[in-house]
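Some notes on the structure that comes next.
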Amino acid sequence: FGIAGYYAMMALEHDMVGITVTNANPLVVPTFSVSRYLGTNPLAVAVPAMEEPPFVADFATTPIARGKLAVSEKKGEKVPLGYVQDAEGNPSDDPGILRRGGGMVTLGGDRLHGSHKGYCMTAVVDIFSALFSGANFGPFVPPSVAYLPVPENQPGKGTGHFFGAMRIDAFRPANEFREAMDQWIRTFRNAKPATGEQRVLIPGDPEREAVLLDLASRKEAGLFRRRAWELLPEALYRKKDWPGLLAFSERQADGRNNTAVARGRQQLDLGHRVVGDELLDGRRHLVERRRLVVLQVRDHRHHRALHGKPG
């Protein structure tokens, strides 16, 4: 299945809101239970904006993803209480407890902190994923981990997914909605940070920053040879000529490693383009989290991600 947000973002170029959900390995317990009847059941929603990058929420309906538990187990690390419980329902900090009959809890961790609401969210994803498509639901989902048995008497077929797209213009003119989405994003970006925090994030920001920082670290480590941004005509940026920037970067990418370009498209496709300070001025600036530049290219049909040839 892969990244849920990738599928949700396919709707953006069509002026639609994308929704993707899937059920997963039955390792999650309903509130008040020790029965592993649900999965981490991720939910992704992608919403287009006009000048701002799109709103992209992509998250598991549990406090932690199963893969992160596996990483902690491999490192021999404990996890905070509120992620998993043992086979009797007691809170545990052992990420390997799933191999011994334990289970993951839903968002909230326990009833006092709203796990019943997380349970409802996980259940909704399971219903949308399985019952519309005729796939298996809850405890009958075929496992992809060796420590879970294959369930008998499955009522459906395979694992279930749900893909949806909502036409914005069925509610109001698409441009009006996108402009309103810009206002929404800017309003929340200007929310006052709590003590010790620098800023308020919008869903999708961490992923965009991760890609940008990865590109910067690869360049610094010498993993890329001469990059297109080192040749970028500065006049194009100073004129805010986004189509010109796009055309230039694609000419530079022509003939380079197509696999790297395709990977970049998956990471940065459909509705936004993340560019580091090196791209804007390859001589003076360093990439910093606080100084991200997001170039919104309105012609989504020609979005491309810029990746150089590996060294």
Query raised in the report: Do any N or O atoms from the side chain of S33 and from the backbone of V29 form a donor-acceptor pair under 3.5 angstrom?
Result: no
Query raised in the report: Is there a donor-acceptor pair closer than 3.5 Å between any side-chain N or O of N136 and the backbone N or O of T159?
Result: no
Query - Steps toward side-chain contact (heavy atoms from CB on, under 4.5 Å) verdict (E179, E51) - result: CA-CA 8 Å; E179 289 171 353; E51 296 180 355; over 6 Å; no
Under 3.5 Å, which donor-acceptor pairs do the side chains of residues 75-82 form with other protein atoms, sequence neighbours left out?
none

Query raised in the report: Salt bridge or not for E52 and R178, using N-O below 4.0 Å?
Result: no
Report task. Determine the minimum heavy-atom distance between P95 and D93, stating which atoms define it. Result -> CD-O, 3.4 Å
Query raised in the report: Is there a donor-acceptor contact under 3.5 Å from the side chain of D86 to the main chain of G102?
Result: no
Query raised in the report: For the ring pair F32 and Y119, is the centre-to-centre distance below 6.0 Å?
Result: no
Query - Under 4.5 Å side-chain linkage, directly or through intermediates, the cluster mates of M166 - result: V17, I19, V21, L43, V45, V47, F55, F59, L107, M121, V124, V125, F128, F132, F162, I168, F171, F177, M181, W184, I185, F188, I202
Query raised in the report: Of the non-hydrogen atoms in P48 and P54, which two are nearest, and what is the gap between them?
Result: CA-CB, 4.3 Å
Requested in this report: Measure across G39 and T122 and return the closest heavy-atom pair with its distance rounded to 0.1 Å.
Outcome: O-CG2, 3.3 Å
Query raised in the report: According to the interplanar angle, ranging from 0 to 90°, do the rings of Y7 and F163 count as parallel (below 30°), tilted (30 to 60°) or perpendicular (above 60°)?
Result: perpendicular
Query raised in the report: Between H113 and G108, what is the shortest heavy-atom contact and its length?
Result: CB-O, 3.1 Å
Report summary line: Between the OG1 atom in T187 and the CG atom in D182, the distance rounded to the nearest 0.5 Å is 10.5 Å
Report summary line: Smallest heavy-atom separation, P142 atom then Q154 atom, equals CG-NE2, 4.0 Å
Report task. Consider only side-chain heavy atoms of I, L, V, M, F, W and Y, link residues closer than 4.5 Å, and tell whether V28 and V34 are in one cluster. Result -> no
Query raised in the report: For the atom pair CZ (F1) and OG (S129), what is the distance rounded to the nearest 0.5 Å?
Result: 7.5 Å
**Report entry** Distance-only polar pair, side chains of N41 and T61, donor-acceptor under 3.5 Å
**Finding:** no
Query raised in the report: At what distance, to the nearest 0.5 angstrom, does CG of L27 lie from CG of L148?
Result: 4.5 Å
**Report entry** Hydrophobic cluster identity match, V141 and Y147, side-chain contacts under 4.5 Å
**Finding:** no
Report task. Check whether the side chains of H116 and T31 place a donor and an acceptor atom closer than 3.5 Å, and report yes or no. Result -> no
Query raised in the report: Between G138 and P26, what is the shortest heavy-atom contact and its length?
Result: O-CB, 3.7 Å
Donor-acceptor contacts, no H, no angles, side chain residues 64-72, under 3.5 Å, sequence neighbours left out:
from, atom 1, to, atom 2, distance (Å)
S72, OG, K68, O, 3.3

Query raised in the report: Can you list the steps and then say if S115 with D110 is a side-chain hydrogen bond (donor to acceptor under 3.5 Å, both in side chains)?
Result: CA-CA 5 Å; S115 69; D110 56 36; 5.7 Å; no
Requested in this report: For the pair I127 and F137, evaluate side-chain contact (heavy atoms from CB on, under 4.5 Å) and give the outcome as yes or no after the intermediate values.
Outcome: CA-CA 7 Å; I127 292 168; F137 64 84; over 6 Å; no
Query raised in the report: I97 and L38: same hydrophobic cluster, using ILVMFWY side-chain contacts below 4.5 Å?
Result: yes
Query raised in the report: Atom CG in L98, atom CZ in R36: separation rounded to 0.5 Å?
Result: 6.5 Å
Query raised in the report: Can we say R189 and D205 salt-bridge, meaning some charged N sits less than 4.0 Å from an Asp/Glu carboxylate O?
Result: yes
Query raised in the report: Are side-chain heavy atoms of P30 and T106 found at a separation under 4.5 Å?
Result: no
Report summary line: So OG of S92 and CE of M104: to nearest 0.5 Å the spacing works out to 12.5 Å
Query raised in the report: Roughly how far apart are N175 CG and D15 CG, rounded to 0.5 Å?
Result: 7.0 Å
Query - Any donor-acceptor pair under 3.5 Å from N23 side chain to G160 backbone - result: yes
Query raised in the report: Under a single-linkage definition using a 4.5 Å side-chain heavy-atom cutoff for Ile, Leu, Val, Met, Phe, Trp and Tyr, are V145 and Y83 assigned to the same hydrophobic cluster?
Result: yes
